[in-house]
Each structure stands twice: as C-alpha cells, then as structure tokens.
Amino acid sequence: MKSVTSLMELRTILERYRRDQLTVGLVPTMGALHDGHLSLIAKAKEIADIAVVSIFVNPTQFGAGEDFQAYPRDTQRDSQLAAGANTDVLFIPTAQEVYPSGFATTISVAGLTEPLEGQQRGAAHFNGVTTVVAKLLNMTSPDVLLMGQKDAQQAIVVGRMIKDLDLTVRLEVCPTVRELDGLALSSRNTYLTSDERSQAVALYKALQAAQSAVSGGEIDGVKVLTTALTAMEPFGVVPEYLSLVCPQTLNAVSVIDRPTLLAVAAVVGSTRLIDNVTLIPRS
Ligand code: AMP
C-alpha cells in the first residue's frame, strides 16, 4: 500500500495505473476505520482494479458545537487496517491541501439536503460533504465511488450532484454493516459508555419493529411509526427524527405501498447516531 499526503504524489501514482488501463474505486472516509469502511474497500477491490481510500476529517461538514475536535483520529491504526484490507493507495491530505488559502467555492445540492439531517444539522453540513466529495473525485478521477447505505441521505445527495454536474463516476452504495445486536457500525460508537452502548441498539430495534410490521402487511405509515417508537421506548431513547420518506426524493410518505426509507436519528448520552432501513411492502 502506498500512503500519500499530497495531491501531486496521488496524481503521479494514479497516472501510472491509468497508463496500465487499471480501473480505480474511491472510498472517501473520515478515518477511525471499522468493518463498515472495510466492506467498502473490499467492494472496491471486487469491482475495480485499484482501491484508493481517503482519510480526511472534513471541518466544513461539522456544525458549530459538533464533534470536529473530538472526532477520533488514529492514522497508524487506520493505515494498518487499510493495508490489511488490500488498499492500494491511502490518501491522507492535510487541510491545507484540500482548502488552500483563498478557497472560495461551495457545491450545494438544493431540496434533497433540506429534510432529515439537513433539518437537524443545517445546510452547511451537506454543502461541506458535496464540496469535499467533488474535490476528492477531481483529485482521484475514479471509475467508481463507494459510499455506505448507513448515510443514506448523503449517498442520495452525492448521487444527485454526480448527475447534475455530469460527473462520469459511477456511485456504488454498499449495505450497512452492523454489530451482532444490530447497531450500525460508526466511528462515533467509540464515544458510547457501556450503558449508552446498551441503549444505542434502540435505533435498530425501531427499524426492525417497523420492518416486521411492514412484512406482516401493514402499510399505514402512522401505525408503522408508532410501532417503531414503541420499540425504542424501553431503551429510554427519544428520536430526533423517525421519518418515512421516498428513497429517491426524500419526500414524506404516509402509505407504504412501495419501497420506503425509514430513517432515524437519536442522541444517546452525548453521541448522535443515525440509521435507516428500506421497508419493502408485502406483495
Ligand atoms: P465516514 O468515515 O463516517 O465519513 O464514512 C465513510 C463511508 O463509510 C461513508 O460512505 C459511510 O456511509 C460509510 N459507512 C459508515 N459506516 C458504515 C457502516 N456501518 N456500513 C457501511 N458503510 C458505512
């Protein structure tokens, strides 16, 4: 595995691969790698010749009062995990490399960024995400961009940006990797105390309860949401949002007569967690 920090080094290495007609998959991350990230790298190696993993804790996607300073950073551990997952190139740019002085451009996707995470975290969050992803795409010129279903809205917003800007990359959205009890893996899970870790499963329990109601034939959105909320209650976790939305438009859904995204966010202790599942109605 080659580890690089400058754009010039990255481009020099990638040019060589391109000359050899090798395809490239890009996995952008903020580090603190876990099995969710590693599953994206494995998929990159499956569908492309070269896996490029970027690690950049992107300051512009954190709001005031969010955990930018506290976000876990361990480059040595990440490098070992990335190498063990057969990463070809690990790109760890500095903030100066990504946002040189005078940087003044923002990419903003309208509409899709407004509900759910956009409502809770403000417009700047997704502007930060789309701008840094656009930069990483231009830096790497990958054939495939791999992102996780765990951050469903993020993948939908980035998909819209790719389409709207005629970017040639293909977006591959990979399934959510979970702990044995269902908690979605997240770098932020490391913040949880052991009591909070037991409470955190509430999000998955809500999604699971909704899923089993819908597989049992329930299509009434209010009833499904009530079922999901009831499943969370014993854990003492109250969602910031628990919403049924169309997986393409993110518009609210009240009748689950087609595949519908159920998205949830909740603060457990002081840790903000998100999760989602696609509900498939009984045919
Ligand atoms: P992050 O480092 O949190 O910005 O995540 C980098 C990429 O990994 C994003 O595309 C995430 O959606 C994806 N990801 C994070 N957690 C998981 C998970 N549990 N399963 C699958 N993908 C994930």
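All ligand and atom numbering here is 1-based and tracks the order in the structure. Quantities reported herein were computed from a predicted structural model and do not represent experimental measurements.
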- Is any NZ, NE, NH1 or NH2 atom of the basic residue among D49 and R18 found under 4.0 Å from an Asp or Glu carboxylate oxygen of the other? no
- Message: Quick test of your reading of the model: are K150 and D275 salt-bridged, counting only N-O distances below 4.0 Å?
- Response: no
- Each residue besides L180 in its hydrophobic cluster should be listed here, by chain and number; the cluster joins Ile, Leu, Val, Met, Phe, Trp and Tyr at side-chain heavy-atom distances under 4.5 Å. none
- Under 4.5 Å between side-chain heavy atoms, chaining through other members, with only Ile, Leu, Val, Met, Phe, Trp and Tyr counted: pull out the rest of the cluster around V177, sorted by chain and number. L185
- Close-range residues for ligand 1, whose non-hydrogen atoms fall below the 4.0 Å threshold: P28, T29, M30, H34, G36, H37, L40, Y71, M147, G148, K150, D151, Q154, P175, T176, V177, L185
- What residues form a ring-ring contact (aromatic ring centres under 6.0 Å, His included) with Y17, not counting sequence neighbours? none
- Quick one: sort the Y71 and F62 rings into parallel, tilted or perpendicular, breaks at 30° and 60°. perpendicular
